[in-house]
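Worksheet: the structure to be examined is printed underneath.
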Amino acid sequence: PPRSTLFPYTTLFRSISEKGIYWGDVPGVADNGTKVSIGVNSSTFSQVVNGLSLGKAYYVRAYARNIKGTAMGEEIYFTLNSVVPTVFTISVSGVSTHKAIIGGNVSYDGGTSVTERGFYYGTNSSPITNGKKIQVGNGVGMFNTTLDSLLSKTKYYFIAYATNSVGTSYGDTISFTTKGNEPIIVKYSFKNLTQTSVTLQAIVEPNQLSSNISFEYGLTTSYGFTIDASPSPIESYDTVNAEVTGLNMNTVYHFRVKATNEVGVVYSRDTIFKTVITGLTGTVTDIEGNQYNTVGIGYQTWMTENLRTKKYKNGIAITLITNDSIWTNSASAGYCYYNNDTLTSEQYGLLYNWYVVNTGNVCPDGWHVPTVDDWQQLIEYAGGTSSAGGKLKETGTSHWAPPNENATDEYGFKALPGGNRDLNAVFDFMTLEGDWWVANEYSINHSKFVEILFNYGNIYVANAYKKSGMSIRCVKN
């Protein structure tokens with residue numbers, strides 16, 4: 001304790017009736033000093049004396065009494081001197097990626113003024129010899145300081161110190177680790193594919209550190225091209241994009257995400273995309289010389305008109321069936337004009353029963369009647385069954401009856417409402433619905449077909465009697 005001392009002594013032999021010390025600041029304390037009695041019996045004893053002054057001489061002499069008399073120990077003296085301060089390293093708080101608050105406490109000045117106090121800190125476990133020194137005032141009491149410009153994800157050590165005229169003392173060494181980590185690429189994808197462009201997208205967690213995001217892309221896993229994401233750099237969880245242009249049509253590309261911060265670099269897995277042929281136009285000619293416009297949609301090439309050939313691609317004529325009774329009872333391949341009116345074929349094409357489809361010879365060379373999978377690929381590319389009908393229908397009401405709901409003809413498919421001829425040879429639904437055969441058979445009497453209506457934006461895949469007459473749209477092999 002401050003300015004106090006402890007005196008140990010031992011008494012021996014006969015029963016002790018009193019023991020204690022004399023002390024004072026002049027020699028001869030047995031006559032001139034203060035007496036302090038410290039109990040009876042033989043034992044080592046001691047006494048704390050308070051209120052002493054630094055640099056002053058003090059004298060002390062032990063005594064013990066029994067029935068034979070009083071014995072005195074030798075008188076000794078001592079002088080209290082100043083010592084180094086008492087200092088503690090007490091806390092670290094507010095640790096972030098580049099900052100931390102460290103604290104200390106000088107609880108005793110050692111008997112003389114504390115002229116300096118502070119910390120040593122660094123990344124070495126011996127910060128006094130291998131770190132930096134930072135002074136934080138003087139005197140006794142609590143003190144702290146903020147360390148900044150620290151490295152992220154790094155372990156630091158610090159120790160408090162205090163200095164007076166006697167010397168310097170130190171607290172314990174405490175460590176902490178700054179926050180931060182490599183970025184995390186949470187998710188990545190692509191969208192808005194065209195013939196020559198694509199939008200690359202990623203979701204990135206920068207882990208509290210400013211992170212630069214980019215995309216590497218190319219024809220192989222060596223990539224070869226890099227484009228910065230937007231936004232970049234990012235400071236918090238965010239979605240980033242990059243619009244890549246100048247690509248080749250209908251070509252497979254590789255890409256990956258690159259995320260960099262001061263801790264390190266991370267990459268996503270390699271991912272591929274294939275540019276589409278959407279919007280690529282052309283023509284195809286059937287065996288009779290009828291020319292049809294075509295358009296690329298996704299990775300498929302479709303006719304943009306209903307088929308109107310009266311011959312198979314091998315030149316053999318398809319049977320024209322106008323008679324209602326023959327139509328109803330025939331199980332052979334045949335075609336007709338809507339309402340048996342030849343003028344309808346130029347706009348709406350011909351109506352064919354499924355037996356024509358089943359020959360596999362009705363579309364031009366290199367083309368075929370679409371299967372369920374072909375139609376499904378088109379429907380999915382156009383947004384699914386709830387919206388694909390509207391995106392594939394010709395716009396306006398020149399051919400479709402009002403309101404031609406949700407028609408946008410987004411890809412130039414120009415679906416037309418050619419109607420149908422049912423099992424009983426009845427013609428119906430021209431301007432109201434478009435019906436197209438699917439190559440897939442459903443049962444002995446039924447096959448699949450696709451339907452789009454004037455008053456909905458949906459598209460339907462259903463079943464119909466094979467003897468029904470419907471339109472055909474061919475798709476390229």
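- No side-chain donor-acceptor contact under 3.5 Å links Thr309 and Tyr335.
- Tyr217 pairs in a ring-ring contact (aromatic ring centres under 6.0 Å, His included) with only one of the listed residues (Tyr223, Phe225, Phe190, Tyr188), which is Phe225.
- Annotation: side chain of Thr359 is not in contact with side chain of Val357 (no heavy-atom distance under 4.5 Å).
- Side chains of Val87 and Asn105 form no contact here, defined as non-hydrogen atoms less than 4.5 Å apart.
- Ion pair Lys313/Asp286 not flagged as a salt bridge, since none of the NZ, NE, NH1 or NH2 atoms sits closer than 4.0 Å to an Asp/Glu carboxylate oxygen.
- Side-chain contact annotation: Ser152 with Thr97, donor-acceptor N/O pair under 3.5 Å absent.
- In this structure, Ile234 CD1 and Asn212 CG are separated by 9.5 Å, a value rounded to the nearest 0.5 Å.
- With hydrogens and angles disregarded, no donor-acceptor distance shorter than 3.5 Å links the side chain of Lys467 to the backbone of Tyr355.
- Across Phe215 and Ala229, no two heavy atoms sit closer than the pair CE1-CB, 3.7 Å.
- For the pair Arg421 and Trp327, the distance from NZ or CZ to the six-membered ring centre is under 6.0 Å and the angle to the ring normal is within 45 degrees.
- The closest donor-acceptor contact from the side chain of Thr86 to the backbone of Ser107 lies at 3.5 Å or more, if one exists at all.
- Among pairs with a residue in residues 279-370, those fulfilling disulfide bond (SG atoms under 2.5 Å apart) read Cys363-Cys474, at least two apart in sequence or across chains.
- Side-chain N/O atoms of Lys153 and Asn181 include a donor and acceptor closer than 3.5 Å.
- Judged purely by distance below 3.5 Å, without hydrogens or angles, the side chains of Arg117 and Asn138 never pair a donor atom with an acceptor atom.
- Taking CG of Asn404 as the start and OG1 of Thr431 as the end, the distance is 10.0 Å to the nearest 0.5 Å.
- Residues Asn455 and Glu405 bring no donor and acceptor atom of their side chains to less than 3.5 Å of each other.
- Salt-bridge annotation for Arg256 and Glu216: present, with a side-chain N of the basic residue lying under 4.0 Å from a carboxylate O of the acidic one.
- Distance alone, capped at 3.5 Å, is enough to place a donor-acceptor pair between the Asn261 side chain and the Gly264 backbone.
- Side chains of His98 and Gln208: a donor-acceptor N/O pair is absent below 3.5 angstrom, by distance only.
- Using a distance-only test at 3.5 Å, with no hydrogens or angles considered, a donor-acceptor pair links the side chain of Ser232 to the main chain of Ile213.
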With salt bridge (charged side-chain N to carboxylate O under 4.0 Å, His left out) as the test, would you mind laying out the steps for Lys393 and Asp409 before giving the verdict?
CA-CA 5 Å; Lys393 283 193 293 183; Asp409 196 20; over 6 Å; no
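- Cation-pi geometry between Lys476 and Trp302 is not met: the NZ or CZ atom fails to fall both under 6.0 Å from the ring centre and inside 45° of the normal.
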Please set out all donor-acceptor pairs under 3.5 angstrom arising from side-chain atoms of residues 342-350, sequence neighbours excluded.
{"residue": "Thr344", "atom": "OG1", "partner": "Asp341", "partner atom": "O", "Å": "2.7"}
{"residue": "Ser345", "atom": "OG", "partner": "Thr342", "partner atom": "O", "Å": "3.0"}
{"residue": "Gln347", "atom": "OE1", "partner": "His399", "partner atom": "NE2", "Å": "2.8"}

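- The ring-ring contact (aromatic ring centres under 6.0 Å, His included) test with His446 singles out one residue from Tyr465, Trp354, Trp437, and that residue is Tyr465.
- With 3.5 Å as the limit, one finds no donor-acceptor pair spanning the side chains of Lys466 and Asn353.
- No side-chain heavy atom of Ile459 sits less than 4.5 Å from a side-chain heavy atom of Glu451.
- Thr328 and Ser325 form no side-chain donor-acceptor contact under 3.5 Å, judged by distance and modelled atom types alone.
- One side chain, Glu235 or Ser210, offers a donor N or O that lies under 3.5 Å from an acceptor on the other.
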Might you work through the side chain to side chain contact (heavy atoms under 4.5 Å, CB included) test for Val95 and Val92, ending with a clear yes or no?
CA-CA 7 Å; Val95 178; Val92 59; 3.8 Å; yes
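- Across all their heavy atoms, Val369 and Ala439 have their closest contact at O-CB, 3.6 Å.
- For an aromatic pair to be called close, the ring centres must be under 6.0 Å apart, and Tyr381 with Tyr299 fails this.
- Here the side chain of Thr397 pairs no donor or acceptor atom with the backbone of Trp400 at under 3.5 angstrom.
- Annotation: side chain of Asp422 is not in contact with side chain of Phe427 (no heavy-atom distance under 4.5 Å).
- Checked for salt-bridge contact, Lys133 and Glu116 meet the test: a charged N lies under 4.0 Å from a carboxylate O.
- When side chains are defined from C-beta on, Phe158 counts as touching Ile174, because their heavy atoms get closer than 4.5 Å.
- Inspection of the Thr275 and Gln195 side chains reveals no N or O donor paired with an N or O acceptor under 3.5 Å.
- Asn306 and Trp436 get closest at one heavy-atom pair: OD1-NE1, 2.9 Å.
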